[in-house]
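Heads up, the thing below is written out as structure tokens.
Because only heavy atoms are used, hydrogens play no part in the values below, and waters and symmetry mates are left out as well, while side chains stay in. Order of appearance sets the numbers: ligands from 1, and atoms from 1 within every ligand.
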Amino acid sequence: MKLLENYIIEKGNVLPGNVLKVDSFLNHQIDPALMKEIGLAFSHYFQDLGVTKIVTIESSGIAPAVFAGLEMNVPVVFARKKKSITLQENLYTTSVYSYTKKEANDISISKNFLSADDTVLIIDDFLANGQAVLGLLEITEWAGAKVAGIGIVIEKSFQQGRTLLEKTGIPIYSLARISSFENEQIKFLEEA
Ligand code: 5GP
């Protein structure tokens with residue numbers, strides 16, 4: 001997605017450890033005009049697959065997921081990272097190793113919001129080593145839900161996430177695919 005690539009080039013910063021900082025439009029401040037285009041792109045790509053629900057992880061997956069949900073006219077459920085008084089039981093919970101925080105966190109989804117009747121589209125902001133999406137796949141499997149696709153805003157294709165997820169056979173669509181950060185220069189794979 002050319003628009004997204006332009007945002008990344010103009011506003012992104014490469015941090016040590018192959019981390020891309022995109023706080024000004026995706027991870028802290030959110031650009032609604034860009035999110036609208038992202039929602040449209042996901043909804044075009046994954047239309048006709050019978051998606052009944054979008055599943056993501058708080059917090060940075062929520063904005064792109066909600067815009068896709070609006071276009072596809074389906075609800076969005078996000079896995080929560082902390083248990084709250086209102087979210088303590090009746091949960092699917094798994095542990096996910098965080099690429100940016102370098103620690104494992106539990107993520108949970110209420111059994112009320114995911115069931116064997118659902119066909120799920122998983123959306124996340126970044127794909128690095130694939131742990132976040134694998135955690136969501138585990139939870140959807142426990143719920144007996146089908147997974148129709150995986151939509152990623154920014155894929156770091158030089159890390160192992162894509163290869164790991166391709167083994168599942170689930171269609172993956174990444175809006176920007178970064179091939180390298182050499183000398184802090186951001187390079188993209190050619191669009192298919
Ligand atoms: P994975 O689980 O695929 O290793 O990493 C994906 C998760 O880590 C995403 O949900 C995202 O929050 C975070 N992440 C991974 N790489 C980056 C990065 O380069 N920049 C930012 N901002 N977050 C990242």
Side-chain angles (χ1 to χ4, degrees), residues 1 4-31 34-35 38-39 41-42 54-69 76-82 92-109 120-141 147 149-189:
M1 185 179 168
L4 175 61
E5 292 185 357
N6 291 341
Y7 266 74
I8 294 170
I9 298 280
E10 280 164 29
K11 301 170 194 275
N13 289 305
V14 180
L15 303 183
N18 284 329
V19 171
L20 179 66
K21 189 170 179 188
V22 285
D23 275 19
S24 65
F25 63 91
L26 179 61
N27 289 143
H28 192 9
Q29 176 171 263
I30 291 167
D31 187 313
L34 176 66
M35 290 307 137
I38 285 174
F42 283 139
I54 295 176
V55 171
T56 187
I57 301 196
E58 70 174 348
S59 53
S60 296
I62 295 176
V66 167
F67 278 80
V76 176
V77 56
F78 63 90
R80 297 181 64 157
K81 288 180 179 160
K82 288 214 172 72
Y92 296 113
T93 301
T94 190
S95 175
V96 165
Y97 184 80
S98 163
Y99 182 79
T100 44
K101 300 200 179 92
K102 308 283 176 229
E103 62 182 27
N105 287 305
D106 279 353
I107 60 163
S108 304
I109 291 183
V120 165
L121 169 60
I122 291 176
I123 286 184
D124 203 9
D125 61 336
F126 272 90
L127 176 61
N129 289 325
Q131 297 308 298
V133 173
L134 284 175
L136 293 177
L137 285 173
E138 195 171 21
I139 287 178
T140 47
E141 191 180 326
V147 180
I150 299 165
I152 301 292
V153 180
I154 303 174
E155 172 186 316
K156 294 184 290 178
S157 307
F158 54 89
Q159 295 185 257
Q160 61 174 357
R162 153 98 36 178
T163 311
L164 265 180
L165 296 183
E166 274 176 349
K167 291 188 183 143
T168 65
I170 299 166
I172 308 164
Y173 178 47
S174 302
L175 302 181
R177 301 186 70 194
I178 294 173
S179 57
S180 74
F181 284 146
E182 248 168 74
N183 304 324
E184 295 185 14
Q185 280 260 60
I186 304 168
K187 294 255 157 55
F188 297 96
L189 291 182

- Asn18: numbered ligand 1 atoms lying under 4.0 Å from its heavy atoms: 19 (O)
- Answer yes or no: is there a side-chain heavy-atom contact under 4.5 Å between Ile107 and Leu136? yes
- Item | N or O pair under 3.5 Å between Val133 and ligand 1 | no
- Message: With respect to Ala132, determine whether any N or O atom, backbone or side chain, lies less than 3.5 Å from an N or O atom of ligand 1.
- Response: yes
- Any side-chain heavy-atom pair of Thr140 and Ile109 under 4.5 Å: no
- Task: Measure the distances from the heavy atoms of Leu134 to every atom of ligand 1 and state whether one is below 4.0 angstrom.
- Result: no
- Message: Between ligand 1 and Gly130, is the shortest N or O to N or O distance under 3.5 Å?
- Response: yes
- N or O contact, Lys21 vs ligand 1, cut-off under 3.5 Å: no
- Item | Min side-chain heavy-atom separation Phe126-Gln159 under 4.5 Å | no
- Query: So do the side chains of Phe25 and Leu4 get within less than 4.5 Å of each other, counting heavy atoms only?
  - Reply: yes
- Query: Is Arg177 close to Ser157 at the side-chain level, that is, under 4.5 Å between some pair of heavy atoms?
  - Reply: yes
- Have a look at Val96, Ile152, Thr100, Asn129 and point out the one with the heavy atom closest to atom 13 (C) of ligand 1. Thr100
- In this structure, atom 22 (N) of ligand 1 is nearest to the protein heavy atom Asn27 OD1, 2.9 Å
- Measure the distance from atom 20 (N) of ligand 1 to every protein heavy atom, then report the residue, atom name and distance (to 0.1 Å) of the closest one. Leu20 O, 2.8 Å
- Message: With a 4.5 Å cut-off on side-chain heavy atoms, are Val22 and Tyr7 touching?
- Response: no
- Among protein heavy atoms, which sits nearest to atom 6 (C) of ligand 1, and what does the distance come to when rounded to 0.1 Å? Phe126 O, 3.5 Å
- Query: Quick check: does Tyr99 get an N/O under 3.5 Å from an N/O on ligand 1?
  - Reply: no
- Item | Non-hydrogen side-chain atoms of Lys187 and Phe181 separated by less than 4.5 Å | no
- Item | Gln185 atom CD, over 12 foreign heavy atoms within 6.0 Å | no
- Item | Protein contact to atom 5 (O) of ligand 1 [nearest heavy atom, distance to 0.1 Å] | Ala128 CB, 3.6 Å
- Message: Is it the case that ligand 1 has an N or O less than 3.5 angstrom from some N or O of Val19?
- Response: no
- Query: When the ring centroid of Phe42 is compared with that of Phe67, is the distance short of 6.0 Å?
  - Reply: no
- Message: Evaluate Gln131 for polar contact with ligand 1, using N/O atom pairs at a separation under 3.5 Å.
- Response: yes
- Test item, Asp124 contacting ligand 1 (heavy atom, 4.0 angstrom): yes
- Query: Any N or O of Asp125 that comes nearer than 3.5 Å to an N or O of ligand 1?
  - Reply: yes
- Taking the side chain as C-beta and beyond, is there a heavy-atom pair between Gln131 and Leu164 under 4.5 Å? yes
- Among Glu58, Lys156, Lys101, whose heavy atom sits nearest atom 18 (C) of ligand 1? Lys156
- Task: Please confirm whether Lys101 makes a cation-pi placement over Tyr99, using NZ or CZ under 6.0 Å from the six-membered ring centre and within 45° of the ring normal.
- Result: no
